[in-house]
Asks: 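Questions regarding the structure given below will be posed in turn.
Only heavy atoms go into these numbers, but all of them, side chains included; no hydrogens, no water, no symmetry mates.
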Amino acid sequence: QVQLVESGGGLVQAGGSLRLSCTASGTIFSIDVMGWYRQAPGKQRELVAVMIGSSRTDYADSVKGRFTISRDNAKNTAYLQMNLLKPEDTGVYYCNVDITTFRKTSETYWGQGTQVTVSS
């Protein structure tokens, strides 16, 4: 089993910054993909940023140039640095990881979500 613990959400004014963290623990052979999704009230969950392996990244068009995803492999932790936040960035942010187990199977896990609220 794998547990994901997220932190770093909160309330911030437009133009401000927040950094989210997601730490994975448990029986993990390798973490293949780490990503962040968000869900605004009344909307579907959407991909915000993803890191495949240790270097390849992809971002939603709405956050390009403002958000940066990174990871610390030694800590099994992913980060999402969010700058120049806008009210439309408000939502619950979820960490998502794809791992390979020691049995060489692939599994996907979600964090519990952390609220980000950007006031205008």
Asks: Ignoring hydrogens, what is the shortest heavy-atom contact between Leu4 and Gln112? Give both atom names and the distance.
Replies: O-OE1, 3.5 Å
Asks: If you look only at pairs with a residue in residues 39-86, which of them pass as a ring pair (Phe, Tyr, Trp, His ring centres under 6.0 Å), with sequence neighbours excluded?
Replies: none
Asks: Hey, could you give me the OG1/NZ distance between Thr23 and Lys75, rounded to the nearest 0.5 Å?
Replies: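 Taking OG1 in Thr23 and NZ in Lys75, the distance rounds to 8.5 Å.
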Asks: Could you state whether Val12 and Tyr93 fall into the same hydrophobic cluster, counting links through intermediate Ile, Leu, Val, Met, Phe, Trp or Tyr residues with side-chain heavy atoms under 4.5 angstrom apart?
Replies: yes
Asks: For residues Val48 and Leu20: do they belong to one hydrophobic cluster (side chain heavy atoms under 4.5 Å, members Ile, Leu, Val, Met, Phe, Trp, Tyr)?
Replies: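 Linked within one cluster.
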Asks: Is there a donor-acceptor contact under 3.5 Å linking the side chains of Thr117 and Gln115?
Replies: yes
Asks: Under 3.5 Å, is there a donor-acceptor pair linking the side chains of Asp32 and Thr100?
Replies: yes
Asks: Who are the side-chain contact (heavy atoms from CB on, under 4.5 Å) partners of Ser17, not counting sequence neighbours?
Replies: Gln81, Asn83
Asks: Could you list all the ring pair (Phe, Tyr, Trp, His ring centres under 6.0 Å) pairs where at least one residue sits in residues 95-120, not counting sequence neighbours?
Replies: Phe29-Phe102, Tyr37-Trp110
Asks: So Thr101 and Ile99, do their side chains get closer than 4.5 Å, heavy atoms only?
Replies: yes
Asks: Could you list the residues that satisfy side-chain contact (heavy atoms from CB on, under 4.5 Å) with Ala40, not counting sequence neighbours?
Replies: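 Residues passing side-chain contact (heavy atoms from CB on, under 4.5 Å) with Ala40: Lys43.
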Asks: Are Cys22 and Trp36 close enough, and set up right, to give a side-chain contact (heavy atoms from CB on, under 4.5 Å), and what steps lead you there?
Replies: CA-CA 9 Å; Cys22 171; Trp36 291 94; 3.6 Å; yes
Asks: Return a table of donor-acceptor pairs under 3.5 angstrom between the side chains of residues 49-56 and protein atoms on other chains or two or more places apart.
Replies:
unit_1: Ser54; atom_1: OG; unit_2: Asn73; atom_2: ND2; d: 3.2

Asks: Of all heavy-atom pairs between Asp89 and Val118, which one has the smallest distance, and what is that distance?
Replies: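 Heavy-atom minimum between the residues: CB-CG2, 4.3 Å.
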Asks: According to side-chain contact (heavy atoms from CB on, under 4.5 Å), who are the partners of Ser25, at least two apart in sequence or on a separate chain?
Replies: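 In terms of side-chain contact (heavy atoms from CB on, under 4.5 Å), with neighbours along the sequence ignored, Ser25 is linked to Gln3.
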Asks: Roughly how far apart are Arg45 CZ and Arg38 CZ, rounded to 0.5 Å?
Replies: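 These two atoms lie 13.0 Å from each other.
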Asks: Closest approach of Ile69 and Gly35, non-hydrogen atoms and distance?
Replies: CD1-CA, 4.2 Å
Asks: Given the rule that I, L, V, M, F, W and Y join up when any side-chain heavy atoms are under 4.5 Å apart, are Tyr94 and Met82 in one cluster?
Replies: no
Asks: Of all the heavy-atom pairs spanning Pro87 and Ser120, show the shortest one and how long it is.
Replies: CG-CB, 3.8 Å
Asks: Regarding Asp98 and Thr108, do their side chains bring together a donor and an acceptor under 3.5 Å, going by distance alone?
Replies: yes
Asks: If I compare all heavy atoms of Ala24 with all of Val2, which pair ends up nearest, and what's the gap?
Replies: CB-CG1, 4.4 Å
Asks: Taking Ser21 for its side chain and Ser7 for its backbone only, find out whether a donor-acceptor pair lies under 3.5 Å.
Replies: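 No: the side chain of Ser21 does not pair with the backbone of Ser7.
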Asks: Is a donor on one side and an acceptor on the other found under 3.5 Å between the side chain of Thr105 and the backbone of Arg103?
Replies: no
Asks: To the nearest 0.5 Å, tell me how far Arg19 CZ sits from Thr68 OG1.
Replies: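 It comes to 11.5 Å.
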Asks: Decide yes or no for Ile28 and Asn76: does some side-chain heavy atom of the first lie under 4.5 Å from some side-chain heavy atom of the second?
Replies: yes
Asks: Quick check: do Leu11 and Val116 have side-chain heavy atoms less than 4.5 Å from each other?
Replies: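 No, every pair of side-chain atoms sits at 4.5 Å or beyond.
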Asks: Heavy atoms only: give me the nearest Glu6-Thr114 pair and the separation to one decimal.
Replies: OE1-N, 3.3 Å
